[in-house]
Trainee: 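This is the structure I want to talk about, given as structure tokens.
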Amino acid sequence: IKTYTKWHSIKEINDILRKNNLSILKTYGSRTIIPFELICRIPKINKIIRKVENKLAVSKLNRFSGYIIFVCKNRQE
């Protein structure tokens with residue numbers, strides 16, 4: 001398994017994946033609504049943020065996340 005971390009637009013990522021014969025299986029977002037880490041330490045707010053964050057991570061709004069994770073598969077397999 002190879003892991004890459006770079007800053008690209010979604011269009012650039014699609015182009016890179018296509019050139020490398022990869023297809024996207026799933027897309028996840030991370031840190032969509034968390035403004036800063038300290039807020040996650042407040043007990044009742046943490047539960048609310050965690051629930052909303054988990055729902056947004058797999059929704060179409062994940063494109064607005066701080067990080068986007070692409071799960072890919074080699075097309076030749």
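Only a predicted model underlies this, so the values are computations on that prediction, with no experimental measurement involved. The residues of the chain are indexed from 1 along the displayed sequence.
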Trainee: Are the side chains of Arg18 and Arg75 in contact, using a 4.5 Å heavy-atom criterion?
Mentor: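 Arg75 reaches Arg18 side chain to side chain.
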Trainee: With the side chain counted from C-beta on, respond yes when Asn62 and Leu56 share a heavy-atom pair under 4.5 Å apart, and no when they do not.
Mentor: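 SC-SC contact between Asn62 and Leu56 ruled out.
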Trainee: Indicate yes or no: does Asp15 engage Lys11 in a salt bridge with an N to O separation below 4.0 Å.
Mentor: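 Judged by the 4.0 Å cut-off on N to carboxylate O distance, Asp15 and Lys11 do form a salt bridge.
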Trainee: Applying the 4.5 Å side-chain criterion to the ILVMFWY set and letting contacts propagate, would Val52 and Ile49 be lumped into a single cluster?
Mentor: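 Yes; Ile49 is reachable from Val52 via cluster members.
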Trainee: Is there a path from Ile10 to Leu17 through hydrophobic residues (I, L, V, M, F, W, Y) whose side chains come within less than 4.5 Å of each other?
Mentor: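 Result: yes, single cluster for both.
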Trainee: Would you say that more than 12 heavy atoms from the other residues, nucleotides or ligands in this model lie under 6.0 Å from the CZ of Arg63, or not?
Mentor: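 Atom CZ in Arg63 is not crowded, with 12 or fewer foreign heavy atoms closer than 6.0 Å.
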Trainee: Hydrophobic clustering (ILVMFWY, side-chain heavy atoms < 4.5 Å, transitive) - are Ile34 and Val58 grouped together?
Mentor: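 No; Ile34 is not reachable from Val58 via cluster members.
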Trainee: When you measure from the side chain of Asn20 to the backbone N and O of Leu22, does any donor-acceptor pair fall under 3.5 Å?
Mentor: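 Checking the backbone N and O of Leu22 against the side chain of Asn20, no donor-acceptor pair under 3.5 Å is found.
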Trainee: Does some side-chain heavy atom of Arg31 sit less than 4.5 Å from a side-chain heavy atom of Ser65?
Mentor: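 Result no, sub-4.5 Å side-chain heavy-atom pair not found.
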Trainee: Tell me whether Leu61 shares a hydrophobic cluster with Ile33, the cluster being built from Ile, Leu, Val, Met, Phe, Trp, Tyr side chains joined at under 4.5 Å.
Mentor: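 Looking at the clustering, Ile33 is in the same group as Leu61.
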Trainee: Whether the side chain of Gln76 engages the backbone of Asn21 through a donor-acceptor N/O pair (distance < 3.5 Å, no angle test) should be reported.
Mentor: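 Here the side-chain-to-backbone pair does not exist.
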Trainee: How long is the gap from SG on Cys72 to CD1 on Ile16, to the nearest 0.5 Å?
Mentor: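 Answer for the SG-CD1 pair, Cys72 versus Ile16, is 10.5 Å.
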Trainee: Can you tell me how far NZ of Lys47 sits from NZ of Lys51, rounded to the nearest 0.5 angstrom?
Mentor: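 If we round to the nearest 0.5 Å, Lys51:NZ and Lys47:NZ are 8.0 Å apart.
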Trainee: When rounded to the nearest 0.5 angstrom, what is the spacing between OG in Ser59 and CZ in Phe64?
Mentor: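 Going from OG on Ser59 over to CZ on Phe64, the span is 9.5 Å.
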Trainee: Take Tyr28 and Ile68 through the test side chain to side chain contact (heavy atoms under 4.5 Å, CB included) and record every step on the way to the result.
Mentor: CA-CA 6 Å; Tyr28 297 99; Ile68 300 176; over 6 Å; no
Trainee: Would you say Ile69 and Thr27 make side-chain contact, with heavy atoms under 4.5 Å?
Mentor: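 They are not in side-chain contact.
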Trainee: Which residues end up grouped with Tyr67 if you chain together Ile, Leu, Val, Met, Phe, Trp and Tyr wherever their side-chain heavy atoms are less than 4.5 Å apart?
Mentor: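 Joined to Tyr67, directly or through intermediates: Trp7.
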Trainee: Determine, using the 4.5 Å side-chain heavy-atom cutoff (strictly less than), whether Leu38 and Ile42 are members of one ILVMFWY cluster.
Mentor: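 Per the 4.5 Å side-chain linkage, Leu38 and Ile42 are co-clustered.
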Trainee: Among residues at least two apart in sequence or on other chains, which ones pass side-chain contact (heavy atoms from CB on, under 4.5 Å) with Arg50?
Mentor: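 Applying side-chain contact (heavy atoms from CB on, under 4.5 Å) to Arg50 gives Asn46, Asn54.
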